[in-house]
**Student:** 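A single structure is presented below for examination.
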Amino acid sequence: MAGKINAIAHPRLSLNILSTADVHKIHTATLDVIESVGVRFPSRKALDILEAHGATVDRNTLVARIPGRVIEEALKKAPPIYTLAARDPSQDLPLDGQHVFLGTDGCCIEVIDAFTGEKRRTTKQDSADCARIADALEEVGFWWSMVSAQDQPPESRSLHELEAAWRNTTKHLQTESIVTEPEMQAAIEMAAALTGGKDELRKRPILSIMQCTTSPLGHDGGSLEAGLLAAEVGLPVGYMTMASCAFSGPVTLAGNLVVGNAEVISALALMQLAHPGAPVYYAAAQTAMDLRTGGYTGGGPEDFLFGAATNVLADFYNVPLSMGAFATGAKEPDWQAAVDNAFSSFMASLTGSDMLLGCGLLHGSRILSYEMMVMDCEIYSIVRKTLEGIVINADTLALDVIRSVGPGGNFLKHKHTRQHMRELWQPRLMDRRPYGQWEEKRDGARDWARARAQDILKNHQPDPLDPKLGAELLRIIASVEG
Amino acid sequence: MSADLFESMKQSVIDGDEERSAELAQQALAQGIDPLVAINAGFVLGINHVGEQFGVGEMFLPDLMLAAEAMKAAVAVLEPEMKRRGTQREVLGRVVLGTVKGDIHEIGKNLVAMMLSASGFEVHDLGVDVPFQKFAEKAREVKADIVGVSALLTTTMTGQKTVIEVLDDMGLRPQVKVIVGGAPVTRSWAQEIGADGYSEDAMGAVALAKKLVGK
Ligand code: B1M
């Protein structure tokens, strides 16, 4: 059984990254772009909806120019607060602006085996394994479809990933790998089977959906139509921009924010036009292209700034945010990985991203490393502690205690110390041993992280799924494969 | 005077200034300079310089892009005269390139296309989400030496194999080399599906293409 989720709750630190005037400038520029340049919606369904609501639609280029007020009015219908339900209700995640929840990173294609250390292609068993680890790690709030089940047929792969996860964790699931209507239909049926019907699913969405935009200023037809289906039944849907400075967006950060913002809010507005009041969220993982390789960097100061700034935009539109953090470009769980993931998670949490994606992958979200997953959780726990800030009151100022110890004494055997000492952050992986002990063993964070992952895989028992329900999930999947 | 003109041509490419390069090409025509000479003694030297500087990390991808654009603009001006004289620029080979059906990732494919054409290949870029058949049809139409198939998704990389099969079915396989790439693609995958080569990045794709056409 999974324990309590260690959320970041009521953070006391904040960061001033964009002024109100800045946000207005970005918003105005964004509406200008959506209205005068337009956004590409390669889906007849989407274009019909937009046209019916006053957009000018070009059926050849598939570009819709949407009046700014249509976007603004539509976004007002989006609920600002809702809950991501979990199969185990004690693990529900309130997206109420007061919490930050860590998810796993997603859709990787290779895994470093937890036991052999060998790098190999991912399979459905890896989906199951990483879900079990996510179930056990208290830092992880929800499981984002973490690996691609490459041993399963392409048309139902995304569903196998979900089934494997539902068998191995009671936490909330989010998926990024459903980009067709038939798969979405099946995923909805699977989720409804688990909640006991679609009405119940609407009340308790145990699954949420992430889709990507296609920068610059475009969407994918399948992603739009799958998203619309999900919104119809009340599964929370988010659209993530990956606009990349100098390639799929302007080189300047402000311009890149405008492009990404236009993509995301045009998609969210579409969801609201079709299904007013459907829970939606803003999602982003913007970056700066590597100027030498064209690579998607996954780290660096631009990413950290985007992480913080995007949250201000999501707040402005009054919808929750899922922010791409972690996801280092490093090839190994090393210095680069730690620097990237510490800064990105800190900056995105400091501004209160509701969902923080995601722990565990290397090489720009391509390789699953269980060592990294456990180490990312340690980074998150540092961020979490830091965001608690410093509480000032009579008890914490400890005047009486200072008085009683006086100059030259010590606080070790004071009751006040014992009362509060467990509030100090405790490392699991940081090496604070004496030098000699380290020298003797020469082990460290990576070894301990690997041992923890191995231990979980050997011993952690998630709450089992009712075998009847398990069979039902497989039946639904088979109907797609038929 | 033409030494100055050639120097300006080189510089216009380095600056990525396509208006200037086109204007200099016009001047060359007005002065009766052989277009091939203008290209080889002027504009190409600019491309080479940018390539070298890129290699040592002093210039960046946008520099390369803009240089290629400036070069293209100049060549477009010179082309009619080359045709009239019955001369042609040497191309290293013809490449048909695209991102495979079901896949819309284009950044990496575009980079490969850009680097190949900057290195002297004639590139026919089919875009993204390209039907398997279309690779083969285009290859036949332009008498391609190489077909390049990009795939970024584990669900679409099998399409690379299909493209090879279609080329085979159409009897094109003996004369056309196939290269593959993209995030999930590995050397062993390339071997498994019978591709002629694999590259991890755009620079490698150029080296590979040169090798395959024997240059
Ligand atoms: C012919 O010969 C050759 C030779 C060399 C060749 C070659 C051909 N082609 C490439 N190369 C090589 O040379 C290039 C230059 O050096 C290199 O090209 P690359 O393309 O690798 O490198 C580029 C220069 C920069 N890299 C990139 O542009 C890709 C970066 C990542 C982050 C990425 C991006 C940016 C995008 N994505 Co997508 N995306 C990811 C990528 C993760 C990653 N880190 O790779 C990946 C590939 N995407 C993924 C997914 C899941 C998806 N994406 C999708 C969409 C998108 C965006 C549209 C948002 C965007 C693409 C924007 C665009 N206009 O192209 C969706 C698919 C849509 C579709 N039908 O194709 C969607 C399904 C998400 C969704 N739910 O909508 C994952 C794939 C997982 C899998 N199982 O395969 C993914 C690994 C990220 C992740 N972990 O989630 C080499 O590979």
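Throughout, a chain's letter reflects where its sequence line sits, starting with A, and its residues are numbered from 1.
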**Student:** Identify which part of A:S148 has an atom lying under 4.5 Å from any heavy atom of chain B, answering side chain, backbone, both or neither.
**Tutor:**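 Just its side chain gets close to chain B.
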
**Student:** Examine whether an atom of B:D129 lies under 4.5 Å from a heavy atom of chain A, and if so say whether it belongs to the side chain, the backbone or both; otherwise answer neither.
**Tutor:**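 Neither; nothing under 4.5 Å.
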
**Student:** Below 4.5 Å, heavy-atom pairs only: which of B:I104, B:T158, B:T154, B:T155 has the largest tally toward chain A?
**Tutor:**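 Ranked by heavy-atom pairs under 4.5 Å with chain A, first place is B:T154.
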
**Student:** Report which part of B:P62 has an atom under 4.5 Å of a heavy atom belonging to chain A: side chain, backbone, both, or neither.
**Tutor:**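 When you check distances to chain A, only side chain atoms of B:P62 fall under 4.5 Å.
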
**Student:** Side chain, backbone, both or neither: which part of B:I107 has a heavy atom under 4.5 Å from chain A?
**Tutor:**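 For B:I107, the contact with chain A is made by backbone and side chain together.
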
**Student:** Has A:T175 got a side-chain atom pairing as donor or acceptor with A:S177's backbone, closer than 3.5 angstrom?
**Tutor:**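 Yes: the side chain of A:T175 pairs with the backbone of A:S177.
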
**Student:** Does a donor on one side chain sit under 3.5 Å from an acceptor on the other, for B:H105 and B:T156?
**Tutor:**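 No - no donor-acceptor pair under 3.5 Å links their side chains.
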
**Student:** Output a table of donor-acceptor pairs, distance under 3.5 Å, between side-chain atoms of residues 39-50 of chain B and any protein atom two or more places apart or on a different chain; print 'none' if there are none.
**Tutor:**
from	atom 1	to	atom 2	distance (Å)
B:N40	ND2	B:L36	O	3.4

**Student:** What part of B:A202 gets closer than 4.5 Å to chain A, counting heavy atoms only: side chain, backbone, both or neither?
**Tutor:**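 Interface part for B:A202: neither.
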
**Student:** Could you tell me the separation between the CD1 atom of A:I209 and the CD1 atom of A:I178, rounded to the nearest 0.5 Å?
**Tutor:**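 Output value for this atom pair is 5.0 Å.
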
**Student:** When heavy-atom pairs shorter than 4.5 Å are enumerated against chain B, which of A:E110, A:R366, A:R157 gives the highest number?
**Tutor:**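 Top option by heavy-atom pairs under 4.5 Å: A:R157.
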
**Student:** Is the A:Y239 ring parallel, tilted or perpendicular to the A:H219 ring (thresholds 30°, 60°)?
**Tutor:**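 Correct class here is perpendicular.
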
**Student:** Report which part of B:L61 has an atom under 4.5 Å of a heavy atom belonging to chain A: side chain, backbone, both, or neither.
**Tutor:**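 Backbone plus side chain of B:L61, per the 4.5 Å heavy-atom cut-off to chain A.
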
**Student:** Would you tell me whether A:E176 and A:S145 have side-chain atoms, one donor and one acceptor, within less than 3.5 Å of each other?
**Tutor:**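 No.
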
